[in-house]
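Have a look at the structure below before the remarks.
Because the structure is predicted, anything quoted here is derived from the model rather than measured. Just so we're on the same page: letters track the sequence lines, and every chain starts at 1.
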Amino acid sequence: MTIRVYNTLTKQKEPFETVAPAKVGIYLCGPTVYKESHIGHMVGPVIFDTIKRYLVYNGYEVHWVVNITDVDDKLIAQQHERGVPMSAIAEEMTIDYLNNLRALGVDQIDRMPKATEHIDGIIRFTQALIDKGYAYASGGDVFFDVLKDPGYGKLSNRRPDEQQGEGGGAASKKRSPGDFALWKSAKPGEPAWNSPWGQGRPGWHIECSAMSKAILGETFDIHGGGLDLVFPHHENELAQSECCHGKPMVKYWLHNGLLRKGDDAGKIGGRSDRESPGGKLSRSAGAGGLADVIAAQGGERIRFFLLKTHYRSTVVYGDEGLDEAAGNLETFYRFFERFQRMTGQRFFNLPAANTREAGNVEAASEPLSKVVRQLRASFLEKMDDDFNTGGAIGDLFELVRELNRHADQSRLEEVGNVKDPRIVGFVEATRVLRELSNILGLFRSTPAQRGGAAEGVVPKLMDLLIDLRKEAREKKDFFTGDKIRNALAQMNIMLEDRKGGATEWRMGGPS
RNA sequence: GGCGCUGUAGCCAAGUGGCUAAGGCAGCGGAUUGCAAAUCCGCCAUCGUCGGUUCGACUCCGACCAGCGCCUCCA
């Protein structure tokens with residue numbers, strides 16, 4: 001019943017206890033919007049979207065913040081390269097990012113602050129660190145002095161004196177190599193803001209410290225991001241905030257694993273584009289922007305694929321896994337269709353409990369209800385244990401199997417009357433599947449990517465062919481009947497005969 | 001070199017100090033079907049290697065082997 005989370009700071013699972021009763025503040029590091037997002041940018045949003053759903057389901061009031069970094073060296077480089085103002089590039093790429101989030105069903109984010117909207121707070125934060133002796137101005141830049149912070153390195157488990165630090169021109173202005181910039185002086189032609197240290201812009205890490213403070217407070221519950229951000233980004237954030245406030249910044253640091261390309265050892269994102277020669281993603285899985293991938297695969301497939309594996313694991317991303325996810329989803333989609341045939345109701349319209357408490361009804365003595373309750377409890381147990389979505393999805397499969405089995409054994413197809421108690425009981429049991437899949441953000445509406453009823457004349461032609469085949473079969477002319485079905489199969493159109501003589505058709509197989 | 005992660009069936013992937021080690025895919029055998037599709041039933045693993053702790057480890061510790069990530073303003 002108690003939620004436990006793995007905390008990068010302590011390297012162990014801990015009971016989840018909020019700073020303020022029943023309230024949770026979550027800060028997730030979002031993208032630097034200098035070019036289109038890639039699939040790797042979606043891992044954090046999908047898992048944290050799920051985490052928020054689960055916490056809300058458990059009765060917490062959750063405030064989830066994802067920042068947008070819209071000022072940065074890479075953006076400035078793009079500005080020079082494209083001859084387009086940084087702000088325009090940022091705006092364009094932010095829209096791209098938001099579109100991708102929406103396609104994957106990520107709709108739980110409460111606020112998305114931009115770095116450029118918090119320049120004042122960043123300057124105040126920087127000044128405070130200087131005043132307290134943790135930072136120093138040097139030639140128009142301001143650096144954080146890592147040797148002044150006795151706690152520095154505790155998140156990533158490093159010694160400050162071992163750090164290489166960034167090289168180049170900044171190195172000579174630093175007291176020690178591990179020091180990092182809070183404020184950077186601007187060169188001519190670069191975007192700049194006035195500050196006590198002259199024209200300049202924020203360093204990379206300070207924006208998150210300033211924005212999380214402004215929105216979530218000096219101490220909040222969960223800070224998330226990709227595993228690659230542990231060092232230096234989160235280590236530096238942590239140092240800035242705790243030195244500035246003299247109190248813990250975050251209770252739980254959660255880091256998601258990174259994606260790896262399937263076909264070779266290349267990596268996704270980062271600056272490795274030219275360093276991983278064989279690292280191309282296949283066309284369906286990766287070429288073109290993420291928007292193209294989503295268009296080809298469907299957002300739900302990608303979400304399901306990501307949720308199948310525990311969020312802290314490395315996930316190998318490629319066609320193989322995506323195809324498997326597609327096949328897995330078919331199992332559910334087919335059940336939803338069957339459910340509708342039997343009950344006359346759409347699964348996607350089923351009302352279901354949206355809190356743990358509301359869903360916690362007594363199991364009836366009859367077998368279906370009992371096993372459904374058991375699976376529900378098992379699902380929640382998995383989620384309680386550091387949001388084990390992979391294990392929880394296993395329970396969802398079992399749930400569908402139990403529902404199908406029950407429908408088979410009770411011959412629900414033959415009942416005919418949707419008010420029949422057997423049907424009513426079945427609907428009741430299926431509500432639990434809706435309740436649980438909602439937590440994962442799955443099956444919330446009719447899948448967009450499924451084949452089936454097309455527009456225009458095709459459905460009419462299909463009706464005609466199905467009718468002809470039916471007549472042939474009634475005359476025991478199976479040769480003609482099979483000819484129609486096989487020819488359609490060649491066109492990737494599958495016929496499925498139902499009990500009672502109806503025939504349905506669909507485009508394509510699971511993949 | 002420093003920090004860290006992973007190694008469970010053909011493949012993907014949960015999990016636990018001691019009942020029959022989830023689930024999915026593929027495969028095999030059945031039920032059902034005119035034949036199919038879908039669905040259901042059954043079969044399919046001793047948990048990288050070697051030691052140690054323990055009454056007992058796949059689960060804890062150590063070593064080793066293998067793969068991977070970060071240490072470079074990559075989520």
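- The one candidate from A:R312, A:K13, A:R4 that meets the salt bridge (Lys or Arg N to Asp or Glu O under 4.0 Å) condition with A:D386 is A:R312.
- Using a 4.0 Å heavy-atom cutoff across all strands shown, A:G30 reaches sugar-phosphate atoms only and no base atom.
- Note: A:Y54 and A:F387 have perpendicular aromatic rings, judged against thresholds of 30 and 60 degrees for the angle between ring planes.
- Only the C1' atoms considered, B:C19 is 16 Å distant from B:U46, to the nearest whole Å.
- Out of B:A14, B:U16, B:G34, the shortest distance to the side chain of A:D385 is found at B:U16.
- Using a 4.0 Å heavy-atom distance criterion, A:R201 is classed as making no nucleic acid contact.
- B:C58 and B:U20 have their C1' atoms separated by 16 Å, with the value rounded to a whole Å.
- Residue A:Y152 contributes atom OH, which lies 14 Å from atom C1' of B:G2 at whole-angstrom precision.
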Determine, step by step, whether A:R498 and A:E413 satisfy the salt bridge (Lys or Arg N to Asp or Glu O under 4.0 Å) criterion, reporting the C-alpha distance in whole Å, the side-chain angles of both residues, the deciding distance to 0.1 Å, and the verdict. CA-CA 10 Å; A:R498 302 288 174 215; A:E413 260 94 359; over 6 Å; no

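- Comparing A:L227 and A:T309 against RNA chain B, the residue whose closest nucleotide sits nearer the 5' end is A:T309.
- Comparing A:K499 and A:R312 by the nucleotide of RNA chain B whose heavy atom lies nearest to each, the residue mapping closer to the 5' end is A:R312.
- Atom-to-atom, NZ of A:K308 to P of B:G23 comes out at 14 Å; the value is rounded to the nearest Å.
- Side chain A:R260 to base B:G69: no donor-acceptor pair is found below 3.5 Å.
- Rounded to whole Å, atom P of B:C40 lies 10 Å from atom CZ of A:F335.
- A:F478 qualifies as a stacking partner of the B:G34 base, centre to centre under 5.5 Å and near-parallel within 30°.
- Scanning for side-chain hydrogen bond (donor to acceptor under 3.5 Å, both in side chains) contacts around A:W64 gives an empty result, with sequence neighbours left out.
- For A:R334 and B:A38, a side-chain-to-base donor-acceptor distance below 3.5 Å is absent, hydrogens and geometry of angles not being considered.
- Separation of the P atoms belonging to B:U39 and B:A66 is 44 Å when rounded to the nearest angstrom.
- Residue A:L440 contributes atom CG, which lies 18 Å from atom P of B:G23 at whole-angstrom precision.
- Using a 4.0 Å heavy-atom criterion, one finds that A:T314 contacts no nucleic acid atom at all.
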Grab the N/O contacts between the protein and nucleotides 41-43 of chain B below 3.5 Å, and write none if there aren't any.
| residue | atom | partner | partner atom | Å |
| --- | --- | --- | --- | --- |
| B:C41 | OP1 | A:R405 | NH1 | 2.9 |
| B:C41 | OP1 | A:R405 | NH2 | 3.2 |

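- Closest contact between the side chain of A:E398 and the listed nucleotides B:A75, B:A22, B:U16 involves B:A22.
- Nucleic acid contact for A:L258: base, since at least one base atom lies under 4.0 Å from a heavy atom of the residue.
- Nucleotides B:U32 and B:C50 have their P atoms positioned 48 Å apart, rounded to a whole Å.
- In this structure B:A38 sits in no base pair that meets the Watson-Crick or G-U test at under 3.5 Å.
- Straight-line distance between the C1' atoms of B:G15 and B:G67: roughly 22 Å, to the nearest whole Å.
- When both distances must be under 3.5 Å, the Watson-Crick or G-U wobble mate of B:C3 is B:G69.
- Within the nucleic acid shown, A:E324 comes within 4.0 Å of at least one base atom, counting heavy atoms only.
- The base-pairing partner of B:A63, taking Watson-Crick or G-U wobble contacts with both distances under 3.5 Å, is B:U49.
- Using bins of under 30°, 30° to 60° and over 60° for the plane-to-plane angle, the ring pair A:F336/A:F332 lands in the tilted bin.
- Residue contacts shown for A:R473 include a base, since a base heavy atom lies under 4.0 Å away.
- Within the shown strands, nothing qualifies as a pairing partner of B:A57 under the Watson-Crick or G-U definition with both distances less than 3.5 Å.
- Between A:N157 and the phosphate of B:G2, there is no side-chain N or O to OP1/OP2 separation shorter than 4.0 Å.
- Panel note: side chain A:D49, backbone A:D107; a donor-acceptor pair is recorded below 3.5 Å.
- No engagement by A:G44 is indicated, since no non-hydrogen atom pair under 4.0 Å with the nucleic acid exists.
- In this pair, A:F443 and A:F347 present their aromatic rings perpendicular. The plane angle is above 60°, beyond the 30 to 60° band.
- For the C1' atoms, the distance linking B:C61 with B:U54 amounts to 12 Å, nearest Å.
- Contacts of A:I393 with the nucleic acid, taken as non-hydrogen atoms under 4.0 Å apart, are absent.
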Please output the side-chain donor-acceptor pairs of residues 479-490 of chain A that fall under 3.5 Å, not counting sequence neighbours, one pair per line with the distance.
| residue | atom | partner | partner atom | Å |
| --- | --- | --- | --- | --- |
| A:T480 | OG1 | A:D477 | OD1 | 3.2 |
| A:T480 | OG1 | A:D477 | OD2 | 2.5 |
| A:N486 | ND2 | A:D482 | O | 3.1 |

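- With B:C11, B:A75, B:U39 as the choices, the nucleotide that has an atom nearest any side-chain atom of A:D408 turns out to be B:U39.
- Distance CG (A:L322) to C1' (B:C25): 14 Å, rounded to an integer number of Å.
- A salt bridge links A:R334 with A:E496: the closest approach of a Lys/Arg side-chain nitrogen to an acidic carboxylate oxygen falls below 4.0 angstrom.
- Using atom P as the reference point in both B:C44 and B:A21, the two lie 11 Å apart (nearest Å).
- You'll find that the side chain of A:E320 is closest to B:C11, out of B:A36, B:C11, B:A75.
- Applying the 3.5 Å distance criterion, the base of B:G23 shares no donor-acceptor pair with the side chain of A:D395.
- At the heavy-atom level, A:G391 lies under 4.0 Å from base atoms of the strands shown.
- Spacing between atom CD1 of A:I26 and atom C1' of B:A75 amounts to 16 Å, rounded to whole angstrom units.
- When heavy atoms are screened at a 4.0 angstrom cut-off, A:N404 is found touching the sugar-phosphate backbone but no base atom.
- For A:N388, no side-chain nitrogen or oxygen approaches OP1 or OP2 of B:A14 to under 4.0 Å.
- An OP1 or OP2 oxygen of B:A14 is reached within less than 4.0 angstrom by a side-chain nitrogen or oxygen of A:S313.
- Across all strands shown, B:U32 has no partner, as no Watson-Crick or G-U wobble contact with both distances under 3.5 Å is found.
- Across all strands shown, A:H255 has no heavy atoms under 4.0 Å from either base or sugar-phosphate atoms.
- Atom C1' of nucleotide B:U72 and atom CZ of A:R158 are separated by 11 Å, given to the nearest angstrom.
- A distance of about 10 Å separates the C1' atoms of B:G62 and B:U53, rounded to the whole Å.
- Ion pair A:R411/A:E414 flagged as a salt bridge, since at least one NZ, NE, NH1 or NH2 atom sits closer than 4.0 Å to an Asp/Glu carboxylate oxygen.
- Between A:F426 and A:H406, the ring planes are parallel. Angles under 30° get that label, and only those over 60° would be called perpendicular.
- The distance between atom OH of A:Y6 and atom C1' of B:G15, rounded to the nearest whole Å, is 18 Å.
- With salt bridges taken as basic N to acidic carboxylate O contacts below 4.0 Å, none links A:D72 and A:R201.
- In terms of phosphate contacts, A:N328 brings no side-chain nitrogen or oxygen within less than 4.0 Å of OP1 or OP2 of B:C25.
- Look at B:C25: its Watson-Crick or wobble partner, with both distances under 3.5 angstrom, is B:G10.
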